[in-house]
*Asks:* 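Dropping a structure here in structure tokens format, bear with me for questions.
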Amino acid sequence: MRHARRTLTTLAVAVATAAALTMPAAGAATAAPAASGAEAAAGPLLSYVVNTRANHGQVMKAEREVVDNGGTVLIAYEEIGVIIARSADPAFGAKMRALKGIDSAGASRTAPIAAEGDPVDVVSPDSAAASPASLQANQWDMKAIGADRAHAVSEGSRSVVVGVLDSGIDATHPNLAPNIDAADSVGCTDGGVPDTSFAAWQPTTSGHGTHVAGIIAAADNNTGVVGVAPNVRLAAVKVVDDGGFIYPEYAVCGFVWAGHHHFQVTNNSYFVDPWLYNCQDDPDQAAIVDSVRRAVDFATHNGVLSFAAAGNENQDLADKTVDTTSPDDTTPVTRTITTSCLDVPAELPGVVTVSATGALDARSYYSSFGQGKVEVAAPGGDRIYQIPDTPDKNGRVLSTLPGGTWGYLQGTSMASPHATGVGALLASTHPGATPAQLRALLDAQADPLACPVVEPDPGGSTCTGSAGNDSFYGHGLVDAFRAVTM
């Protein structure tokens, strides 16, 4: 399943009802692009990010230069100096980079625009499990982080809004409907232009975002499962298109939206396509890093703490050497990389990077890691570990899926929302806390985990550092109970 791979989720679905999923229809595009300029050289139509100084005059000047050099402006995020453009001129990026006042510019993809929307697998049930009324007993992950005990103290504040930057959230799901904040939800997959219509932020080809949302804040309403912070509000920010891609312009749109709407926390269970790692010596990739970093910085400066999945590649983020999977929207090539090549958004400043653990609090075999890279760890599931007396004995994570169903998935995509939920509890317990203060509280509440004594590690990797500051778990396993009592 392409979307699951791209958003860092290992496929493993067993839905808790035999009913087929019903996916809402995709929303119609609402943004009309500006008129393009002079005829450009024929080539594939690509999207570009053009980065300049964040002031009105310079952005307007850059917009004119986009048009003069054969491009079309889709939207300008003046507050961060990022312009989203399109052009069929293969030299467009180089032309823009040569202009005075342009900090960076580059293609945000390698596949032509016309290739968007390639068919993908739709999440569907593959077996029946327990009835929805009894599913909370199967949430080993909530017990692992003390969420069951935390809920006796606090289930979170209604004033806290969590942005779920993902594939959309099923707003009609009985476990999620009580907490959906429709007024703050948006779709960003129409070229990075915000679309607030209902259809624009509903899931179409993937249930990933709905699963993530349930981990964070499924309502405690005697239906199905319960989330880490079941009383906070959820805003769907759809950044995954129907082809399963999260292009840079979608992420820019999502983070800027989060900043403008003053979310307290966001969850980002993905890496920005088409590059698993973006290297600064490539002008396109450097521009991608620049644009998304600006958007993350804007969100942070407006009170948002962002969480991101560490990745399912079982790679040491502090010692990168090779990438064999990029670009993932056309033909991947094997390339030598270094630690200066970044997983976006996980390795951007201010972002909390989360690794995954299984039912025995050990690193999941697939989870990426890294000394000084991973901030905290959280349950992501691990099929290696057996959990007696549960329908899914292979240790995956149970949560909501579209169509009023429930199912099991595993991945760092599932770990990050557990940490995000704890972040939402901290924001509820400490109203008015800044992102830096919330991050310090997050580090303090974590339960330190020591490097495994028994070798080999399930993933064949080596843990370094000491408990509370190691490469597998960072400061340790998040603790929801401590988050509401510290």
Side-chain angles (χ1 to χ4, degrees), residues 3 7 21-34 47 72-79 82-86 108 113-114 116-120 122-123 161-214 216-217 233-263 266-270 295 299 304 400-404:
H3 168 253
T7 53
L21 302 186
T22 302
M23 296 291 184
T30 58
S47 285
T72 298
V73 174
L74 292 186
I75 187 170
Y77 288 101
E78 189 173 291
E79 56 272 76
V82 174
I83 298 168
I84 309 301
R86 287 181 176 175
S108 66
I113 300 295
E116 288 187 43
D118 290 343
V120 297
V122 175
V123 177
V161 179
V162 179
V164 182
L165 277 66
D166 213 292
S167 64
I169 302 174
D170 180 1
T172 67
H173 196 292
N175 243 176
L176 299 174
N179 291 337
I180 296 296
D181 183 350
D184 284 328
S185 295
V186 69
C188 284
T189 60
D190 184 11
V193 179
D195 181 352
T196 58
S197 66
F198 179 79
W201 51 271
Q202 285 301 286
T204 47
T205 57
S206 171
H208 187 274
T210 301
H211 197 273
V212 163
I216 298 168
R233 289 179 288 150
L234 293 165
V237 181
K238 188 172 181 179
V239 296
V240 182
D241 67 23
D242 286 350
F245 294 99
I246 307 96
Y247 286 116
E249 56 267 32
Y250 307 165
V252 168
C253 169
F255 282 113
V256 172
W257 181 270
H260 276 305
H261 289 76
H262 300 289
F263 299 167
T266 67
N267 185 79
N268 304 270
S269 290
Y270 60 87
V304 183
T400 47
L401 286 173

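Just so it is clear, the values below take in all heavy atoms, side chains as well, and ignore hydrogens, waters and symmetry mates. Heads up: numbering here begins at 1 and tracks the sequence.
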*Asks:* Looking at every heavy atom in both Ser47 and Arg86, which two are closest together, and how far apart are they?
*Replies:* OG-NE, 3.5 Å

*Asks:* Can you tell me if His173 uses its side chain to pair, donor with acceptor, with the backbone of Asn175 under 3.5 Å?
*Replies:* yes

*Asks:* For the residue pair Gly209 and Ile169, what are the closest heavy atoms and their distance?
*Replies:* O-CG1, 4.1 Å

*Asks:* Supply the atom-to-atom distance Leu165 CG to Asn268 CG, rounded to the nearest 0.5 angstrom.
*Replies:* 5.0 Å

*Asks:* Drop me the distance from His208's NE2 to Leu401's CG, to the nearest 0.5 angstrom.
*Replies:* 10.5 Å

*Asks:* With rounding to the nearest 0.5 angstrom, report the CG to CD1 distance, Leu176 to Ile216.
*Replies:* 10.0 Å

*Asks:* Are Ile84 and Val82 side-chain neighbours, meaning at least one heavy-atom pair lies under 4.5 Å?
*Replies:* yes

*Asks:* Rounded to the nearest 0.5 Å, how far apart are OH of Tyr77 and CD1 of Ile83?
*Replies:* 12.5 Å

*Asks:* Report the C-alpha separation of Asp166 and Ser269 in whole Å, then their side-chain angles, then the decisive distance to 0.1 Å, and conclude whether the side-chain contact (heavy atoms from CB on, under 4.5 Å) test is met.
*Replies:* CA-CA 7 Å; Asp166 213 292; Ser269 290; 4.1 Å; yes

*Asks:* Which heavy-atom pair separates Lys238 from Ser167 by the least distance, and what is that distance?
*Replies:* CE-O, 3.6 Å

*Asks:* At their closest point, which heavy atom of Gly187 faces which heavy atom of Trp201, and how far apart are they?
*Replies:* N-CB, 4.1 Å

*Asks:* Side-chain donor-acceptor pair under 3.5 Å between Thr204 and Asp242, yes or no?
*Replies:* yes

*Asks:* To the nearest 0.5 Å, what is the distance between CG (Asp195) and CZ (Phe198)?
*Replies:* 12.5 Å

*Asks:* Between Glu249 (side chain only) and Ser108 (backbone N and O only), is there a donor and an acceptor less than 3.5 Å apart?
*Replies:* no

*Asks:* Taking Thr210's backbone N and O only, do any of them form a donor-acceptor pair with Thr400's side chain (distance below 3.5 Å, no angle check)?
*Replies:* yes

*Asks:* Between Asp241 and Tyr250, is any side-chain donor less than 3.5 angstrom from a side-chain acceptor?
*Replies:* yes

*Asks:* Just so I know, are the side chains of Val239 and Cys253 near enough to count as touching, which here means a heavy-atom distance under 4.5 Å?
*Replies:* no

*Asks:* Which atom pair, heavy atoms only, marks the closest approach of Asp184 to Trp257?
*Replies:* O-NE1, 2.8 Å

*Asks:* Taking all non-hydrogen atoms of both residues into account, name the closest pair between Gly403 and Asp170 and its distance.
*Replies:* N-OD2, 2.9 Å

*Asks:* Run the salt bridge (Lys or Arg N to Asp or Glu O under 4.0 Å) test against Asp181 and tell me which residues pass, sequence neighbours left out.
*Replies:* Arg233

